[in-house]
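Note that the structure is predicted; figures quoted are calculated from it, not measured.
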Amino acid sequence: MNNKLLTQKGEMPIVLAGFAISIFLLLMPRFSFSAMITPSDGQITEAIKRSLSINFNERYSLLVDIKTKDGIVTLSGVVDNLLTRERAVLIAQTIQGVRAVVSQIHISRINRPDQEIEKNLKKAIEEDPVTESYQIDFSVHEGIVTLNGKVDSYQEKFLATQVAKGVKGVRKVNNKIKPAPKEHRLDEEIKAEIKRRLKLNVWIFDGGITVNVENGKVSLTGTIGSEAEKNRVRYNSWVTGVKEIDDLGLAINTFIRSEDLRKTKPVSLEDDEIRDAVNEVLALDPRVKPAGIKIKVSDGIVRLEGTVKHFLIKKAAEQDASNTVGVKKIINNIKVSLNGSPNSDEALAKKIKNALANHPLTGDVELETKVKDKKVNLHGEVSTLYEKALVEQVVSSVRGVENIDNQLSVLFSWPKKNDKKIREDIQNLISWSLFVNGENILVSVENGAADLSGKVFDWKGVHRAVEKGFQGGAKIVKTDLTLDNGEVAKAEFNYRDIRVGL
């Protein structure tokens, strides 16, 4: 069957990584360690296994088999959805020492008729505020979705793929949508925008990257720190006017990134520079740019204000600001105006229930959803922080939601470890992280509370170090970390403060 939709424009569902910070000062003895220099293939495999078990519930983590040879990781096994395979690859890409990831994970076909998948996909495209305006033809055969049509940019094409992947029963997406930009651009304009986008993204160390453009064809060469970073570079290089991207010249060296490349990234900007950077990033995002969001910045703390028509615009703006260089913290005061949405609270609760049931990863989650005045309260228990964030993402995608209070509890049983073992495990996890310079962090643990001090590059390094503290078994993580620009991050984090990004 074929379906053609003509809908209205908006933005993509997204969930942001966030941290609630309380200021404190605490002096304790510290223990120093050095990051590994040449991890063995066996160590890489074990690190990936550990990270998969933290991110997924046991059902999925046991389905993925891992083999490593000369730093090249091969993932195999059988799972029942595309999102699990995608996240397993991403997790492997972020482990220290991984040079490349080969995915041989197969997607099994679940017992769901194509007609039912088509019905849910049609609804997902109509409901999603990004794809609702697109002219998209699609067909489904044995769980394989084929998308056709035209959009304005590669980013919009990518978002259409993500919507399709979020439908239960979809085993593969063939995206034949053709980006058709409305304007012709000179090569120099394209090159300047790509370089600017790479510099503004806090996850990309652009100093080792050379960008060349000829007749709309982009060539990327140089050295970067990981395959995950390479994916971000490629995505950010698909700007208006680009016809083709060649990134074969980007070499991956996981040990060069931390010092040489980081020095090319500004870590301290004036407030007006941060405001301009965030404004520019929002303007480049098709999810956000029509929303008219106001930005205020004081001492690196960004306040987002304004009124938007969909809850997801608010979340997307927060994510974009968080990924912008120089930003320390986000205060999201954006209001959602539904303009007299006809849905009653009862009808909205039913839509949310259906959305969760038809998603490949939330269909089995048992939770209680309460809706009052378009505000959603989520209660219940999930297996991992990833599931908690994913439930919120799915609920966010439902048209008519004005706000979400996510009170889902994570069934996390604290490992039976003494302080010495917790400290060793935190040290090991930090040493494997691509986003933390482990040899500059000092760790101590007392009564299950970890204390981290030393040096990190920026606020992202602080957040990643805190995550590793909890993954290592700490019940509380305290920081006294110095950033490259001289700032000191003195804070205390509880496990409930941590949320993963999707």
Side-chain angles (χ1 to χ4, degrees), residues 1-14 81-83 85-86 89-90 103 107 114-115 117-185 190 193-194 197 213 215-218 231-247 283-290 310 312-313 316 320 358-360 393 397 399 502:
M1 296 177 63
N2 289 293
N3 299 269
K4 189 168 185 176
L5 303 177
L6 178 59
T7 47
Q8 295 176 2
K9 201 169 189 175
E11 75 302 323
M12 169 194 181
I14 195 79
N81 66 87
L82 289 167
L83 296 178
R85 181 174 70 182
E86 198 172 73
V89 171
L90 175 62
S103 176
I107 310 298
D114 287 342
Q115 292 83 354
I117 297 173
E118 285 179 348
K119 179 181 176 181
N120 291 147
L121 178 55
K122 181 176 185 293
K123 188 69 173 177
I125 293 173
E126 290 174 336
E127 286 285 316
D128 187 88
V130 169
T131 58
E132 61 176 358
S133 68
Y134 300 165
Q135 296 184 31
I136 298 177
D137 294 307
F138 68 87
S139 62
V140 182
H141 178 65
E142 296 183 352
I144 299 174
V145 173
T146 300
L147 301 174
N148 285 284
K150 292 184 178 180
V151 295
D152 292 338
S153 68
Y154 174 84
Q155 284 74 19
E156 293 176 341
K157 175 178 178 176
F158 172 80
L159 296 179
T161 300
Q162 295 305 108
V163 170
K165 288 178 180 178
V167 176
K168 182 185 291 185
V170 174
R171 297 190 300 121
K172 184 179 180 180
V173 180
N174 294 323
N175 193 336
K176 297 182 179 180
I177 294 174
K178 296 180 179 180
K182 298 177 181 178
E183 59 179 298
H184 174 75
R185 304 184 71 192
I190 295 173
E193 182 176 344
I194 293 173
R197 290 189 70 168
V213 184
N215 296 324
K217 297 180 179 180
V218 178
N231 290 339
R232 289 182 182 271
V233 171
R234 184 177 179 86
Y235 178 80
N236 279 276
S237 297
W238 276 108
V239 304
T240 300
V242 172
K243 300 176 183 177
E244 181 182 316
I245 292 179
D246 178 6
D247 61 0
L284 293 169
D285 190 338
R287 301 170 295 174
V288 179
K289 63 182 180 182
H310 199 294
L312 287 174
I313 299 177
D320 286 341
N358 291 320
H359 191 276
Q393 177 192 16
S397 69
R399 187 175 303 280
L502 300 177

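- The structure places CD1 of I190 at 8.0 Å from NZ of K243, a figure rounded to the nearest 0.5 Å.
- Every residue two or more places apart in sequence or in another chain was checked for a side chain to side chain donor-acceptor pair (under 3.5 Å) with T146, and none qualifies.
- Across all their heavy atoms, I177 and N148 have their closest contact at CG1-C, 3.8 Å.
- Taking N81 as the reference, Y60, T84 meet the side chain to side chain donor-acceptor pair (under 3.5 Å) condition, with sequence neighbours excluded.
- At least one side-chain heavy atom of L83 sits under 4.5 Å from a side-chain heavy atom of P360.
- Across W238 and E244, no two heavy atoms sit closer than the pair CH2-CA, 4.0 Å.
- With a 4.5 Å cut-off on side-chain heavy atoms, I194 and V218 count as touching.
- The side chain to side chain donor-acceptor pair (under 3.5 Å) search around N231 returns Q93, not counting sequence neighbours.
- Ion pairing of K122 with E126 is present here, as a side-chain N (NZ or NE/NH1/NH2) and a carboxylate O approach within less than 4.0 Å.
- With sequence neighbours left out, the side-chain contact (heavy atoms from CB on, under 4.5 Å) criterion links E127 to K123, K351, R399.
- Applying the side chain to side chain donor-acceptor pair (under 3.5 Å) rule to N175 yields the partners T161; only residues at least two apart in sequence or on another chain are considered.
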Problem - Worked verdict on Y154 versus Y235 for side chain to side chain contact (heavy atoms under 4.5 Å, CB included) - result: CA-CA 8 Å; Y154 174 84; Y235 178 80; 4.0 Å; yes
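- By the 4.5 Å heavy-atom criterion applied to side chains, L147 and N174 are not counted as neighbours.
- The two atoms that bring A164 and V173 nearest to each other are CB-CG2, 3.9 Å, heavy atoms only.
- Closest of all the heavy-atom pairs between V242 and S237 is CG2-O, 3.5 Å.
- A donor-acceptor pair under 3.5 Å links the side-chain atoms of D114 to the main chain of G143, judged by distance alone.
- Under the side-chain contact (heavy atoms from CB on, under 4.5 Å) criterion, N120 pairs with R112, E116, V167, N358, sequence neighbours left out.
- Applying the salt bridge (Lys or Arg N to Asp or Glu O under 4.0 Å) rule to pairs touching residues 157-180 yields E86-K165, sequence neighbours excluded.
- Closest approach of S397 to L312, counting heavy atoms only: CA-CD1, 3.5 Å.
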Practice task
Output, in order, the C-alpha distance, side-chain angles, deciding distance and verdict of side chain to side chain contact (heavy atoms under 4.5 Å, CB included) for R234 and I245.
Solution key: CA-CA 8 Å; R234 184 177 179 86; I245 292 179; 3.6 Å; yes
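- Taking both residues in full, the closest heavy atoms of D152 and E156 are given as N-OE1, 2.8 Å, listed atom of the first, atom of the second, then distance.
- Remark: E193 engages R185 in a salt bridge (Lys or Arg N to Asp or Glu O under 4.0 Å) (not counting sequence neighbours).
- Side-chain contact check for R287 versus L159: some heavy-atom pair is nearer than 4.5 Å.
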Practice task
Give the C-alpha distance, both sets of side-chain angles, the deciding distance and a yes or no for side chain to side chain contact (heavy atoms under 4.5 Å, CB included) between L121 and V170.
Solution key: CA-CA 9 Å; L121 178 55; V170 174; 5.8 Å; no
